[in-house]
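The structure under discussion appears below in the form of C-alpha cells.
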Amino acid sequence: MDRQKQMELLRLLEEDSRQDAEQLGKMLAEPKEEIEKAIAALEDEKMIVKYPALINWERMDDHPYVNAMIDVKVTPKRDVGFDEVAERICRFPEVKAVYLMSGASYDLSVVLEGKTMREVASFVSQKLATLDSVISTATHFILKRYKHDGIELEDRDEDRRMVVTP
C-alpha cells in the first residue's frame with residue numbers, strides 16, 4: 001500500500017476505529033486482505049498504538065475524577081535534555097499525558113487525573129515538585145470539556161430564532 005493510502009487509512013481509523021477491513025477497503029478501493037495486512041504492519045511499527053473509545057464522563061452523575069493540566073518548568077540535563085524528567089513523570093499512574101512544549105513559559109505540560117482536587121494537589125506537591133529537575137509548577141483544573149480530539153462533546157441546540165429578512 002502506498003504512503004498516501006496509508007495516511008488515508010490512518011485518518012479513517014482515527015475518525016472511527018470500529019470500521020472493519022471490508023468497509024475500509026471499499027472506501028480506499030483496496031481488497032480487504034490488503035487493508036488487514038496494512039493495519040497489522042502499522043500496529044507492528046507502533047504507528048497505531050491503541051483503539052480508544054472517547055467517553056464523555058461528565059454525562060455520568062457520579063463522575064469519579066477531576067482532571068488537571070500542570071505546567072512544569074524544568075532544568076534540562078546535559079546529554080538528555082528534557083527526556084529524562086519527562087520519562088520519570090510518565091511512570092506515575094495518575095499521569096495521562098506528558099508533552100514537551102515550545103513558545104510557552106514552561107517546558108512540559110502534564111495531564112493528570114485524580115479522584116479529588118486534594119489528591120491532585122498532593123501529587124503535585126509530594127511527587128512532581130520534588131523531582132530534581134523541576135523548578136516550578138502551575139496547576140489548572142479542567143472544569144468542562146467542550147471538544148476533545150476533534151469531537152464536540154455537547155449536543156448543540158438548534159438555533160430556534162426566527163429568520164428575519166428585509
Full working for side-chain contact (heavy atoms from CB on, under 4.5 Å) between V111 and Y99
CA-CA 9 Å; V111 179; Y99 305 102; 4.1 Å; yes

Between L10 and I48, does a side-chain contact (heavy atoms from CB on, under 4.5 Å) hold up when you go through it step by step?
CA-CA 8 Å; L10 289 169; I48 297 175; 3.6 Å; yes

Evaluate E8 against M27 for side-chain contact (heavy atoms from CB on, under 4.5 Å), listing each step before the verdict.
CA-CA 10 Å; E8 184 65 15; M27 288 187 265; over 6 Å; no

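Criterion: ILVMFWY side-chain heavy atoms under 4.5 Å apart, direct or through other members. Under it, M101 and I70 are not part of a common hydrophobic cluster. Residues L28 and I39 share a single hydrophobic cluster, defined by chaining ILVMFWY side chains whose heavy atoms lie under 4.5 Å apart. Each of I142 and L153 belongs to its own hydrophobic cluster when Ile, Leu, Val, Met, Phe, Trp and Tyr are linked at side-chain heavy-atom distances under 4.5 angstrom. Cluster annotation: V80 and I135 are assigned to distinct hydrophobic clusters (Ile/Leu/Val/Met/Phe/Trp/Tyr, side-chain heavy-atom contacts under 4.5 Å, transitive). A continuous path of Ile, Leu, Val, Met, Phe, Trp and Tyr side chains, each step under 4.5 Å between heavy atoms, connects F92 with L108, placing both in one hydrophobic cluster.
In this structure, M7 CE and L12 CG are separated by 12.0 Å, a value rounded to the nearest 0.5 Å. With rounding to the nearest 0.5 angstrom, the OH atom of Y146 is 12.0 Å from the CD atom of E152. Here the CD1 atom belonging to I89 is positioned 6.0 Å from the CG atom belonging to L131, to the nearest 0.5 angstrom. Note that OG1 of T139 and CE of M117 are 11.0 Å apart. Values are rounded to the nearest 0.5 Å. In this structure, NE2 on H140 lies 14.0 Å from CG on N67, to the nearest 0.5 angstrom. Rounding to the nearest 0.5 Å gives a distance of 8.5 Å between CG of L128 and CG of L112.
Nearest heavy atom pair, residue E119 against residue G114, reads OE2-CA, 3.3 Å. Annotation for G25 and I35: closest pair CA-CG1, 3.6 Å, computed over non-hydrogen atoms. When all heavy atoms of K73 and Y106 are compared, the pair lying nearest together is CD-CA, 4.2 Å. In this structure, C90 and V98 approach most closely via the heavy-atom pair SG-CG2, 3.8 Å. Listed here is the closest heavy atom pair of L24 and Q19: CD1-O, 3.9 Å. V134 approaches A129 most closely through the heavy-atom pair CG1-CA, 4.1 Å.
No donor-acceptor pair under 3.5 Å is formed between the side chain of S122 and the backbone N or O of R118. Checking side-chain atoms of D71 against main-chain N and O of T137 turns up no donor-acceptor pair under 3.5 Å. Remark: the backbone N or O of E14 is not paired with any side-chain donor or acceptor of S17 at under 3.5 angstrom.
Salt bridge absent: K5 and E34 never bring a charged side-chain N and a carboxylate O closer than 4.0 Å. Using a 4.0 Å cut-off between charged nitrogen and carboxylate oxygen, R88 and E84 do not count as a salt-bridge pair.
Contact annotation: the side chain of K96 approaches that of E113 to within less than 4.5 Å [non-hydrogen atoms, C-beta and beyond]. Put simply, the side chain of E87 reaches to within 4.5 Å of the side chain of D83, judged on heavy atoms. Annotation: side chain of Q6 is in contact with side chain of L42 (closest heavy-atom distance under 4.5 Å).
Within a 6.0 Å radius of CD in Q4, no more than 12 heavy atoms belonging to other residues, nucleotides or ligands are found. Within 6.0 Å of CZ in R11 there are more than 12 heavy atoms belonging to other residues, nucleotides or ligands. For M1, the CE atom counts as densely surrounded, since its 6.0 Å shell holds more than 12 non-hydrogen atoms of other residues, nucleotides or ligands.
No hydrogens or angles considered: a donor-acceptor pair under 3.5 Å links the side chains of Y51 and E43.
For F141, the ring pair (Phe, Tyr, Trp, His ring centres under 6.0 Å) criterion is met by no residue, not counting sequence neighbours.
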